[in-house]
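Have a look at the structure below before the remarks.
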Amino acid sequence: MLTTWIDDLSQKVPLSRQPQDLQAYGRDWTRVYVPRPSAVVFPRHPEEVCEVLRFCSERGIAVVPSGGRTGLSAGAVAAEGELVLSLERLRHLGEVDPLGLTLTVGAGITNQEVHQHSEKIGLTWPIDLASKGSCQVGGNLATNAGGIRVIRYGHARQWVTGLQVALIDGTLLKLGTAVQKDNVGPDLRQLMIGSEGILGVITQATLRLTIMPRECQVMFLAVDNIDRGLELLSHARLQGRLQLQAFEFVAQNCLEAVMKVQDRACPFAQIPPAAVLIEVEGRLDNELEQWMEQVMSQGLVRDGVLARSSTERASLWAYRDNITESLGSLGLMHKNDIAVEVGRLGEFVHTLLSEVAPHYPGQMYLFGHLGDGNLHINVMKPSAMDPETFWEGCQRADQLLYELLRNLNGSVSAEHGIGLLKKAALSFSRGPHEVDTVRRVKKALDPQGLLNPGKVFDL
Ligand code: 2HG
Ligand code: ZN
């Protein structure tokens, strides 16, 4: 029975059942689920995506859309025998429109390819992620990706004018165009962006571009704790009048992990309790140097490095960009991706460290996008503990974390989405009426529940 439909489908589109493909395409960067897809299909254009979806709809086959598979909430995991629908062959790369500042690309184009393509004429798509070399535009939009420049540009949903989306019944929707001003009622584009593949499959997008800042400067500043980091944020904006492109937090143990794994020297005279990586627009001038001297003489900053070349800028960024990878190579990590309003982040971290952290069964590593109030809380499994005991302990401690977030009106998933991994957390950030309304939309578009089943919520 199983082989029959797979044989039929393989007559229509490129399909693989190679064990290494099933392993690779059935998972994302989460390491919690065992990939078990029945097959992987590689449609070559949007019409083939529709054909696959129509086929699945007619035969009642569950299908998991798949991009660069760099997600951290298991939104692209196929652990229940689903068909994986890889969008990686949708490689259309249009011409940049230098007047309208738009670019149309297929879902399988990587974030970095978009950057390289638009940078040729001084433009950029300002969604910038540590995983940019692998993550794809379709996935960036399906998850409404955030990243390091949200403080300046917002999330991915703000940088799209048009979207092409395939529904489970095989309908291809064209939502919006390259026109900037197009205000004609409810916006299905925005409903699809961030829907994590449960409502439709993004096949193509017209992206809104912006001018790249002529120059940016990068500083890595050592601080005593997160409160000093937050004071520095305010100082940078209000006294320094700095246009921030990024304002990132790195706790001591994260810095040490990168230094150890990547064999990098400490960028400061001694390892500080925490550090803040700041990227600002503009030239390296006296004003910027004076601002840095000022925050150091005021005691806000203990020690600091200001990059003086593009090589130095890249090497400072490496201490931040390589945290996930370095932690991952040191041990098994339990991850949370939370946000509270920036003004309450200090309060949040104090309660986290004093009341929640002691309940986690391993050491906590904090880093993330301080300027957006978004912290990544990673907990490492102690080497002697078995994974089962570790996950159970983490889940119990998570309840305390989510309660704390609910009390602060915070988010249980600031930029990584819900997927499979954070389903139990959803109710701490979304009320029952809201979840139920989205469930009704899901049932209307996908009555059999075939598209990315089990993700975000159960039907
Ligand atoms: C980052 O900001 C990513 O580097 C990954 O969102 C976060 O590994 C994580 O927890
Ligand atoms: Zn992040």
Side-chain angles (χ1 to χ4, degrees), residues 27-32 67-76 111-112 126-135 139-140 142-156 194 196 220 229 244-251 253-255 257-258 261-262 274-279 314 316-340 342 345 349 352 357 360 362-381 394 397-398 401 405 410-419 421-422 425:
R27 72 181 338 160
D28 57 13
W29 275 3
T30 52
R31 289 290 173 263
V32 183
R69 307 182 307 285
T70 58
L72 289 167
S73 292
N111 182 288
Q112 192 161 49
I127 309 308
D128 194 354
L129 309 158
S131 58
K132 60 184 154 219
S134 320
C135 65
N140 289 169
T143 58
N144 184 30
I148 54 181
R149 298 186 197 280
V150 171
I151 188 171
R152 174 77 169 98
Y153 300 104
H155 277 252
E196 303 189 35
F220 205 19
L244 300 172
Q245 279 269 330
F247 198 96
E248 300 282 307
F249 179 78
V250 179
N253 54 4
C254 297
L255 180 61
V258 176
V261 173
Q262 301 219 323
V276 171
L277 191 139
I278 311 179
E279 184 166 318
L316 289 186
W317 263 114
Y319 290 101
R320 165 63 184 91
D321 273 346
N322 291 307
I323 296 175
T324 299
E325 207 183 310
S326 303
L327 292 178
S329 72
L330 290 175
L332 191 61
M333 307 303 299
H334 171 71
K335 288 176 182 290
N336 271 295
D337 161 39
I338 66 87
V340 295
V342 192
L345 196 61
V349 171
L352 173 77
Y360 277 105
Q363 197 187 350
M364 185 176 273
Y365 294 76
L366 287 183
F367 64 101
H369 318 285
L370 188 65
D372 309 320
N374 175 195
L375 282 183
H376 299 306
I377 305 172
N378 280 221
V379 177
M380 191 182 290
K381 183 183 85 58
C394 286
D398 278 349
L401 172 67
L405 286 166
S411 172
V412 294
S413 195
E415 55 173 0
H416 296 169
I418 293 294
L421 200 64
K422 298 295 168 197

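One-based numbering, in listed order, for ligands and for the atoms of each.
- The aromatic rings of Y360 and H334 sit tilted relative to each other, their planes meeting at an angle between 30° and 60°.
- Distance alone, capped at 3.5 Å, places no donor-acceptor pair between the Q245 side chain and the R152 backbone.
- Here the closest heavy-atom approach between residue G154 and residue I127 is recorded as O-CD1, 4.1 Å.
- Counting all heavy atoms, side chain and backbone alike, I151 lies closest to G371 at CD1-CA, 3.7 Å.
- Smallest separation of non-hydrogen atoms from K422 and S73: CG-OG, 4.2 Å.
- At distances below 3.5 Å, not a single donor-acceptor pair connects side-chain atoms of D337 with backbone N or O atoms of S413.
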Please tabulate, one line per pair, the protein nitrogen or oxygen atoms found under 3.5 angstrom from a nitrogen or oxygen of ligand 1, with distances to 0.1 Å, or say none if there are no such pairs.
residue	atom	partner	partner atom	Å
ligand 1	2 (O)	R320	NH2	2.7
ligand 1	2 (O)	H369	NE2	3.1
ligand 1	2 (O)	H376	NE2	3.0
ligand 1	4 (O)	R320	NH1	3.2
ligand 1	4 (O)	R320	NH2	3.4
ligand 1	6 (O)	H376	NE2	3.1
ligand 1	6 (O)	E415	OE2	3.1
ligand 1	6 (O)	H416	NE2	2.7
ligand 1	8 (O)	T324	OG1	2.7
ligand 1	8 (O)	K335	NZ	2.7
ligand 1	10 (O)	K335	NZ	3.4
ligand 1	10 (O)	N378	ND2	3.0

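- Among all heavy-atom pairs drawn from D398 and N336, the shortest one is OD1-ND2, 2.9 Å.
- Each protein N, O or S atom less than 2.8 Å from the Zn ion (ligand 2) was counted, giving 3.
- For CD of Q112, the number of neighbouring non-hydrogen atoms (other residues, nucleotides, ligands) closer than 6.0 Å is greater than 12.
- Residue F367 comes nearest to V250 through the heavy atom pair CB-CA, 4.3 Å, listed as atom of the first residue, atom of the second, then distance.
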